[in-house]
Amino acid sequence: MNYILIEGVRKRFGKKEVLRGVNLTVERGEVLSLVGPSGSGKSTLLKCINRLLEIDSGRIVVGGRDIREVNPVELRREVVLVPQNSVMFPGSVLENVMMPLLAQGINDEERAIKALKDAELTEEFLKMNAEKLSGGEKKRVALARAIALEPKALLLDEPTAGVDPKRVRAIEETILKMVKGRGITVIWVTHDTSQALRVGDRIASIKKGKVLKVGRRDEFQWEGVY
Ligand SMILES: Nc1ncnc2c1ncn2[C@@H]1O[C@H](COP(=O)(O)OP(=O)(O)OP(=O)(O)O)[C@@H](O)[C@H]1O
Ligand SMILES: [Mg+2]
């Protein structure tokens with residue numbers, strides 16, 4: 001069954017149409033890799049799915065509901081975007097994971113600690129100043145922050161960009177373990193074609209605001225994607 005359905009979605013910024021009729025579905029519990037050249041509209045599409053941006057036309061359905069009919073705050077509890085840049089709030093690692101939980105009225109430190117552990121951040125990190133962490137550690141905190149919300153879907157915008165190449169595989173495995181264990185539906189944006197193949201049940205490519213190809217990882221044709 002589809003969890004996310006995207007139909008004929010268009011989005012323009014001023015005169016420039018960035019999404020030009022995007023059609024895409026993501027099955028419940030599936031990891032979909034989304035690839036495509038810089039500027040093709042990947043981040044814009046993710047932002048439209050949790051209503052950080054409003055689409056001009058077409059429709060997006062999440063869990064059977066047209067997202068225009070869902071309160072954006074409620075939608076963002078269900079569909080959590082982990083942005084390209086992991087911004088840390090001033091404060092400790094634990095406070096960074098607690099903040100969005102508290103914003104949702106959930107005062108559950110155990111849950112935050114469990115999420116940090118699942119993101120492979122050991123106890124010694126809890127009290128550390130989040131803004132002083134390395135890029136890769138910040139990515140892990142951002143993932144823990146998202147997972148702690150117990151979302152139904154995760155929108156990952158280049159989750160391993162800027163990470164030490166030696167740690168990329170470990171982060172991929174951590175993410176896959178977290179999402180597969182919980183049945184979370186994922187759209188995973190990446191520029192790394194071998195990563196797209198490793199993590200995605202299916203791969204979709206987007207070019208100039210349109211979906212070019214979609215296929216299972218064993219059948220995906222890379223020709224013309226970049
Ligand atoms: N808020 C905005 N206002 C105006 N133009 C924007 C805005 N956000 C994105 N754009 C433009 O929309 C196009 C698509 O941007 P988007 O960030 O979705 O690309 P992308 O596929 O994520 O690229 P990258 O791989 O570099 O992250 C770009 O040309 C960008 O300049
Ligand atoms: Mg982007």
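From a predicted model like this one, the values you see are computed outputs, not experimental measurements. Start at 1 and go down the list; that is how both ligands and their atoms are numbered.
With a 4.5 Å cut-off on side-chain heavy atoms, Pro151 and Glu78 do not count as touching. For the pair Leu52 and Arg76, the minimum side-chain heavy-atom distance is below 4.5 Å.
Summary of contacts: the protein heavy atom closest to atom 17 (O) of ligand 1 is Ser43 CB, 3.6 Å. Atom 23 (O) of ligand 1 has Gly39 N, 2.8 Å as its closest protein atom, hydrogens excluded (heavy atom only). Protein heavy atom in closest approach to atom 6 (C) of ligand 1: Phe13 CD1, 3.2 Å. Of the protein's non-hydrogen atoms, Ser38 OG, 3.6 Å is the one closest to atom 24 (P) of ligand 1. Shortest contact from atom 15 (O) of ligand 1 to any protein heavy atom: Thr44 OG1, 3.7 Å. Looking at atom 27 (O) of ligand 1, its nearest protein heavy atom turns out to be Gln84 NE2, 3.1 Å.
Checking each of Val179, Leu155, Leu34, Ile4 against Val186 for a side chain to side chain contact (heavy atoms under 4.5 Å, CB included) leaves exactly one that passes, namely Val179.
A donor and an acceptor atom, one from each side chain of Asn2 and Arg28, are nowhere located under 3.5 Å apart. Residues Glu120 and Thr174 bring a donor and an acceptor atom of their side chains to less than 3.5 Å of each other.
For the pair Arg145 and Phe89, the cation sits on the ring face: its NZ or CZ lies under 6.0 Å from the ring centre, inside 45° of the axis.
Less than 4.0 angstrom separates some heavy atom of Glu158 from each of these atoms of ligand 1: 25 (O), 27 (O). Atoms of ligand 1 found under 4.0 Å from any heavy atom of Pro37 (numbered from 1 in listed order, with element): 21 (O). Distances below 4.0 Å separate heavy atoms of Lys16 from the following atoms of ligand 1: 28 (C), 29 (O). The distance from ligand 1 to the heavy atoms of Ser40 drops below 4.0 Å at these ligand atoms: 19 (O), 21 (O).
The hydrophobic cluster containing Leu149 also contains Leu154, counting ILVMFWY residues as joined when their side-chain heavy atoms lie under 4.5 angstrom apart, directly or transitively. Under the 4.5 Å side-chain heavy-atom criterion for Ile, Leu, Val, Met, Phe, Trp and Tyr, Trp188 and Leu212 are members of distinct hydrophobic clusters.
Between Gly36 and ligand 1, no N or O atom pair is found at a separation short of 3.5 Å.
Counting heavy atoms under 4.0 Å from ligand 1, residue Val18 touches it through the side chain alone.
Within 6.0 Å of atom CG in Asn85, 12 or fewer heavy atoms from other residues, nucleotides or ligands are found, so the atom counts as exposed in its surroundings. At most 12 non-hydrogen atoms from other residues, nucleotides or ligands lie less than 6.0 angstrom from CD of Gln221.
For atom 30 (C) of ligand 1, the protein comes within 4.0 Å by no heavy atom at all. Proximity of atom 12 (O) of ligand 1 to the protein is indicated by at least one non-hydrogen atom lying closer than 4.0 angstrom.
Remark: at the Mg ion (ligand 2), atom OG from Ser43 and atom OE1 from Gln84 enclose 80°, rounded to the nearest 10 degrees.
Contact annotation: Lys47 has no heavy atom less than 4.0 Å from any atom of ligand 1. At a 4.0 Å cut-off, not a single heavy atom of Gly14 sits close enough to ligand 1 to count as contact.
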Evaluate salt bridge (charged side-chain N to carboxylate O under 4.0 Å, His left out) for Asp218 paired with Arg202, printing each intermediate quantity in order.
CA-CA 9 Å; Asp218 53 337; Arg202 284 185 309 146; over 6 Å; no
